[in-house]
Amino acid sequence: MINIKENERLEMLNHSCAHLLAQAVQHLYPQAKFWVGPAIEEGFYYDIDLGDEVIKEEDLERIEKEMKKCAKDGKKIIRHELSKEEALEKFKDDPYKIDLISRMDENETVISCYSQGDFTDLCRGPHVETTKEIKYFKLLKFSGAYWKGDSKNKMLQRIYGVCFDNQEDLDNCLKEIAEAKERDHRKIGKEQEIFMSHELVGSGMPMWLPNGALIRKQLENYIYEKEQKQGYLHVYTPCVGTVDLYKTSGHWDHYKENMFPMMKVDEEEFVLRPMNCPHHMLIYGNKLHSYRDLPIRIGEFATDFRYEASGAVKGLERVRCMCQNDAHLFVRPDQIGEEFQKVVRLILDVYEDFGIKNYKFRLSLRDPEDKEKYFDDDKMWDEAEAKLREVLNGLGVDYFEAVGEAAFYGPKLDVEVKPAVGPEVTLSTCQLDFLLPRRFELNYIDSNGEKQIPVVLHRAIFGTFDRFTAFLIEETKGVFPTWLSPVQASVIPVNPELHQEYAEEVRDLLLANNVRVELDARNEKLGYRLRETQTRKIPYTIILGDQEKDNKTISYRLFGQKDTTTVSQEEFVKLICDEIKNRSLRKND
Ligand code: TSB
Ligand code: ZN
């Protein structure tokens, strides 16, 4: 998908198109007041106060028509400069513009406006020369958006659109948007009955349906095996903790706005936990440790609750109740490099197993100026950041650095992926932490019998099962590898009257070999039943007729393919079971 912000001409054109949108809206809704209308990566938007009016789907077309009319007039887009006083006077009836002007920098003595015909907007520019240039555009969607993004403020109407220099580019972009909508995990998740939401459970609280639960269980088994092989110790802990626990960890001071409010039970003050680190710190502290015992890797598939803004929650990707594939690795300072390297290798290994190629490593560092967010120990930060860089360079992986994105307790490596719709999100993460072990007074006994403080690596390979599943749905477009498919094979007797018995024999054989199989002996046409295996994206369709029955063979088709292969029962069982056991990617990928 093209990034409008990376192309100066397109950025200017989209910004001008936002003004054209505002001009059209002003014609159609004389009460309209305008907040801001920037160009964004996907095009542009404008936030508009329409009084009590709420934009509806059919309004977009009407506004678009008016925009075309305004553009045709071919009015020149003219820049005027005003002093701050003049600007305040000119826009005195518009509280939004007054707000913008009064917040402008002291040094900004000249304020610019752009006019096109009967419409003037406060704006830094630049813009195209005439509205005639704004020809190939489309309004895409609308949503509510709180003024300044604050839910205490008024909800404005946000209208999105995109603009290009020619029809072909616009068509391509619209095609990509349509494809992305098809891939959206919320759409596929519904069609394939993976998850559902219900207002009685609450927003950001999806429920995993049997198909989704099955996929999640496979993911759990997969990563559990990998972690066991690397010596992780898995635990179960409660999804609540006391306020004091989170005061000890520092989350109460640094993370409170992301937490659900406190609840009182008897004399104890509880919170739903947003993170599992404090519980794992206590588990480490439950025993004495020698330097020889380290690293100690405590893992958990742990449920967490976070307050995410209602406008931000999204399907399984951004939820308020999530399950992390979490672990905390307690290491000696001399083991940081090796342990961090192991985590990065595990991430690479897992992504390869899933065929995931579209991701970026982001090394998140502190902002040395921000003494409030980050604990104040420059030496520790510098050493930690250098260590992570050294490992990444040693492994030869590509990464970019992001200043100011570190957690309050240390620098981290994040894996960034782009969902079908919306901005990039973090999947895997590995975070170095010098602070929590101190706060929990953790230690180990070194070779001289002295107490030393361990370092902790927080890491989540899948991130959460929720977000990883959302991403996997979009990556695969719902065509999961056989080992993850809720139904792995569908057995279809050509004529149920003649072939049902043999079909049942084949189904039972596969069931006995732990294949998730269904028998479709419904009294429906063969073509109809075959089509259904395709819409349900079932990996193997087994078609059994006279020949198969007489020869005790199996004829199968892979999802998305027309040709049929015939093999013996033994061969088929081996073929499908090997594919499942090896967790192979789809053959036709
Ligand atoms: C890795 N304490 C660490 C842990 O030990 C931690 O909680 N890190 S985190 O805050 O980055 O969260 C871990 C992962 O959870 C993120 O990388 C991201 O993939 C996932 N995640 C975070 N917020 C959400 C959410 N609202 N919905 C779904 N997944 C989320
Ligand atoms: Zn943690």
Side-chain angles (χ1 to χ4, degrees), residues 219-242 244-246 248-251 255 271-306 322-347 349-350 384 407-414 428-446 451-465 468:
L219 294 176
E220 286 175 4
N221 293 347
Y222 164 87
I223 200 73
Y224 182 80
E225 278 174 32
K226 291 250 176 211
E227 291 176 353
Q228 283 286 307
K229 277 191 192 141
Q230 295 202 2
Y232 284 62
L233 308 169
H234 290 92
V235 298
Y236 294 105
T237 59
C239 59
V240 294
T242 63
D244 282 343
L245 178 67
Y246 288 96
T248 308
S249 68
H251 287 97
Y255 204 74
V271 282
L272 291 171
R273 69 173 172 195
M275 296 208 186
N276 320 302
C277 344
H279 294 73
H280 292 184
M281 300 287 145
L282 297 177
I283 288 181
Y284 175 90
N286 187 43
K287 249 170 73 166
L288 278 180
H289 298 284
S290 141
Y291 69 99
R292 284 192 221 92
D293 303 335
L294 270 47
I296 288 174
R297 308 174 182 94
I298 297 177
E300 183 174 359
F301 301 153
T303 301
D304 294 323
F305 295 83
R306 290 187 186 174
M322 66 199 80
C323 182
Q324 282 198 42
N325 154 226
D326 201 4
H328 294 92
L329 319 177
F330 298 81
V331 306
R332 303 191 305 259
D334 63 289
Q335 294 172 319
I336 294 173
E338 192 184 335
E339 202 57 24
F340 179 62
Q341 192 193 64
K342 271 196 187 158
V343 173
V344 181
R345 280 185 196 276
L346 182 57
I347 293 174
D349 185 28
V350 168
F408 70 87
Y409 42 70
K412 57 178 180 162
L413 179 72
D414 291 323
S428 315
T429 184
C430 183
Q431 312 165 357
L432 207 51
D433 180 356
F434 296 92
L435 201 61
L436 280 197
R438 272 161 220 273
R439 286 181 161 270
F440 282 89
E441 298 177 357
L442 303 182
N443 57 54
Y444 62 91
I445 307 299
D446 73 9
K451 277 187 180 169
Q452 299 294 346
I453 304 172
V455 178
V456 166
L457 273 82
H458 306 239
R459 49 104 287 183
I461 305 298
F462 284 149
T464 50
F465 291 97
F468 190 80

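All heavy atoms count here, side chains included; hydrogens, waters and symmetry mates do not.
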Query raised in the report: Would you say Pro295 and Leu329 make side-chain contact, with heavy atoms under 4.5 Å?
Result: no
Report task. Find the distance between CD (Glu441) and CG (Asn443) and round it off to the nearest 0.5 Å. Result -> 9.0 Å
Query raised in the report: Got a sec, which pairs hit side-chain hydrogen bond (donor to acceptor under 3.5 Å, both in side chains) with one end in residues 327-336, sequence neighbours left out?
Result: His280-His328, His328-His458, Arg332-Asp334
Report task. Answer yes or no: is there a side-chain heavy-atom contact under 4.5 Å between Phe465 and Ile223? Result -> yes
Report task. Mind checking the OG-CG spacing from Ser249 to Leu435? Nearest 0.5 Å is all I need. Result -> 9.5 Å
Report task. Give, for atom CG of Asp414 and atom SG of Cys430, the distance between the pair rounded to the nearest 0.5 Å. Result -> 9.5 Å
Query - Candidate pair Leu432 and Val455, rule side-chain contact (heavy atoms from CB on, under 4.5 Å), full reasoning - result: CA-CA 8 Å; Leu432 207 51; Val455 178; 4.2 Å; yes
Query - Validation row: Val350, Phe462 side chains within 4.5 angstrom (heavy atoms) - result: yes
Query - Intermediate values then yes/no, side-chain contact (heavy atoms from CB on, under 4.5 Å), Asp304 and Cys239 - result: CA-CA 6 Å; Asp304 294 323; Cys239 59; over 6 Å; no
Query raised in the report: Is any side-chain heavy atom of Leu413 closer than 4.5 Å to a side-chain heavy atom of Phe340?
Result: yes
Report task. Output yes when Arg297 and Glu339 qualify as a salt bridge under the 4.0 Å nitrogen-oxygen rule, no when they do not. Result -> yes
Report task. Evaluate whether atom CD of Gln228 has more than 12 neighbouring non-hydrogen atoms of other residues, nucleotides or ligands under 6.0 angstrom away. Result -> yes
Query raised in the report: Is it true that a side-chain atom of Thr464 and a backbone atom of Gln324 form a donor plus acceptor pair closer than 3.5 Å?
Result: no
Query - Point-to-point distance, once rounded to the nearest 0.5 Å, from OG1 of Thr429 to CG of Asp326 - result: 9.5 Å
Query - Ring centres under 6.0 angstrom apart (His251, Tyr246) - result: yes
Report task. Give, for atom CZ of Arg439 and atom CD1 of Ile453, the distance between the pair rounded to the nearest 0.5 Å. Result -> 13.0 Å
Query - Donor-acceptor contact below 3.5 Å, side chain Arg459 vs main chain Asn325 - result: yes
Query raised in the report: If you take all heavy atoms of Val343 and Ile461, which pair is closest and at what distance?
Result: CG1-CD1, 4.2 Å
Requested in this report: Start with the C-alpha distance between Val456 and Met281, add both sets of side-chain angles, then the distance that settles side-chain contact (heavy atoms from CB on, under 4.5 Å), and finish with yes or no.
Outcome: CA-CA 9 Å; Val456 166; Met281 300 287 145; 3.8 Å; yes
Query raised in the report: Is the shortest heavy-atom distance from the side chain of Ile445 to the side chain of His289 under 4.5 Å?
Result: no
Report task. Could you grab the distance from atom CD of Glu220 to atom CD of Glu225, nearest 0.5 Å is fine? Result -> 12.5 Å
Query raised in the report: Any Lys/Arg nitrogen of Asp349 or Lys226 sitting under 4.0 Å from an Asp/Glu carboxylate oxygen of the other?
Result: yes
Requested in this report: May I ask you to test the Tyr284-Pro437 pair for a side-chain heavy-atom distance under 4.5 Å?
Outcome: no
Query raised in the report: When the ring planes of Phe301 and Tyr224 are compared, do they come out parallel, tilted or perpendicular, using 30° and 60° as the limits?
Result: perpendicular
**Report entry** Residue pair Pro278 / Phe440, side-chain heavy-atom distance below 4.5 Å
**Finding:** yes
Query raised in the report: Under 6.0 Å between ring centres, would you say that holds for Tyr291 and Tyr444?
Result: no
**Report entry** Minimal non-hydrogen separation, Thr237 against Ile283, with atom names
**Finding:** CG2-CD1, 3.6 Å
Report task. Would you name the heavy atoms of Leu442 and Pro454 that are closest together and state the gap between them? Result -> O-CD, 3.5 Å
**Report entry** Presence of salt bridge, Arg273 and Glu300, under 4.0 angstrom
**Finding:** yes
Query - Tyr409 and Phe434 aromatic centres sub-6.0 Å - result: no
Report task. For the pair His279 and Leu282, evaluate side-chain contact (heavy atoms from CB on, under 4.5 Å) and give the outcome as yes or no after the intermediate values. Result -> CA-CA 5 Å; His279 294 73; Leu282 297 177; 5.8 Å; no
Report task. Check whether any side-chain heavy atom of Thr303 sits under 4.5 Å from a side-chain heavy atom of Met322, and report yes or no. Result -> no
